[in-house]
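Every chain is numbered from 1, with letters handed out A, B, ... down the list of sequences.
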Amino acid sequence: DGGITQSPKYLFRKEGQNVTLSCEQNLNHDAMYWYRQDPGQGLRLIYYSQIVNDFQKGDIAEGYSVSREKKESFPLTVTSAQKNPTAFYLCASLLAGNNEQFFGPGTRLTVL
Amino acid sequence: GQSLEQPSEVTAVEGAIVQINCTYQTSGFYGLSWYQQHDGGAPTFLSYNALDGLEETGRFSSFLSRSDSYGYLLLQELQMKDSASYFCAVRATSGTYKYIFGTGTRLKVLA
């Protein structure tokens, strides 16, 4: 079955530590996205990538980094520079020419 | 700045019809999408409008008026399982697949 996966589902880290969130898709989608969602809030774009080896900053990229070395994978690193990293992180993918984003199940990050 | 405005919460009873509005202010416009998200879950795609008018998909319909920078999602024959958050999203830039999401509307369906 094709889909988009994120791991882990829950993640706990100490303040000051970098952490990497995984996102993998086997839908052969071209574009991939990372969104942050805070309680009761909408989705805010962190980074997106339209093709391999290229990515663009979204509205809240500070304190985050990404890579797109393979079409299937778009990992997100939350660095210690991110002042308030506790949130629900959603990864999504989209086939070029379409308008439907497919979302992964999300990773809930808690920084202690 | 670019923004999409939605009501924060809407309440309706089972079997009723409810409309969730979305007004947008963006530098460009290449389509309005709607997503549903249940608590703790991932958003799922509901509909997309690129041109003015009404698009119907079962109990859900979506409307767009580009001249008014406005759209809405219409949910008919409400069911308890429709209780969720609903987000509108705009693709605002030609040549990229960057989307801007609205603030979301929490729909509560009462028995």
(request) From the options B/Y99, B/F101, B/Y35, select the one residue that forms a ring pair (Phe, Tyr, Trp, His ring centres under 6.0 Å) with A/Y35. (result) B/F101
(request) Pick one of side chain, backbone, both or neither for A/N98, based on which atoms fall under 4.5 Å of a heavy atom in chain B. (result) backbone
(request) Please look at B/Q37 and chain A and tell me whether the side chain, the backbone, both or neither of the residue comes under 4.5 angstrom of a heavy atom of that chain. (result) side chain
(message) Rounded to the nearest 0.5 Å, what separates atom CD1 in B/I100 from atom CG in A/L43?
(response) 13.0 Å
(request) Report yes or no: does A/Q50 contribute a side-chain atom to a donor-acceptor pair with the main-chain N or O of B/Y97 at less than 3.5 Å? (result) yes
(request) Give a yes or no on whether A/L90 and A/L45 share a hydrophobic cluster (residues Ile, Leu, Val, Met, Phe, Trp, Tyr; joining criterion: side-chain heavy atoms under 4.5 Å apart). (result) yes
(message) Is A/Q37 close to chain B through its backbone or its side chain, or both, or neither, when contacts mean heavy atoms under 4.5 Å?
(response) side chain
(request) Mind checking the NZ-OH spacing from B/K98 to A/Y47? Nearest 0.5 Å is all I need. (result) 12.0 Å
(message) For A/Q101 versus B/F45, what's the shortest heavy-atom pair and its separation?
(response) O-CB, 4.4 Å
(message) Does B/Q25 have more than 12 heavy atoms from other residues, nucleotides or ligands lying within 6.0 Å of its CD?
(response) no
(message) What part of B/T96 gets within 4.5 angstrom of chain A, counting heavy atoms only: side chain, backbone, both, or neither?
(response) both
(request) Would you kindly confirm whether B/M80 and B/V10 end up in one hydrophobic cluster when ILVMFWY residues are joined by side chain heavy atoms under 4.5 Å apart? (result) yes
(request) Please state whether the side chain, the backbone, both or neither of B/T103 comes within less than 4.5 Å of a heavy atom of chain A. (result) backbone
(request) Heavy atoms only: give me the nearest A/P105-B/A42 pair and the separation to one decimal. (result) CA-CB, 4.2 Å
(message) Please tell me whether A/F74 and A/L27 are part of a single hydrophobic cluster in this structure, the criterion being side-chain heavy atoms less than 4.5 Å apart.
(response) no
(message) Test of understanding: clusters of I, L, V, M, F, W, Y form through side-chain heavy atoms closer than 4.5 Å, transitively. Do A/W34 and A/L11 belong to the same one?
(response) yes
(message) Given heavy-atom pairs under 4.5 angstrom as the criterion, report whether the side chain, backbone, both or neither of A/D30 touches chain B.
(response) neither
(message) Within the supplied structure, the quantity of interest is the number of heavy atoms (other residues, nucleotides, ligands) at a distance under 6.0 Å from B/Q79 CD; does it exceed 12?
(response) yes
(message) Tell me whether A/L94 shares a hydrophobic cluster with A/V52, the cluster being built from Ile, Leu, Val, Met, Phe, Trp, Tyr side chains joined at under 4.5 Å.
(response) no
(request) Decide if atom CD of B/Q2 counts as having more than 12 heavy atoms of other residues, nucleotides or ligands within a radius under 6.0 Å. (result) yes
(message) At a 4.5 Å cut-off on heavy atoms, which part of A/A96 comes close to chain B: side chain, backbone, both, or neither?
(response) both
(message) If I measure from the heavy atoms of chain B, does A/R108 come under 4.5 Å with its side chain, its backbone, both, or neither?
(response) side chain
(message) Is it true that, when you exclude B/R106 itself, more than 12 heavy atoms of the residues, nucleotides or ligands shown sit nearer than 6.0 Å to its CZ?
(response) no
(request) Would you mind checking which part of A/F102 comes under 4.5 Å of any heavy atom in chain B, side chain (CB onward), backbone (N, CA, C, O), both or neither? (result) neither
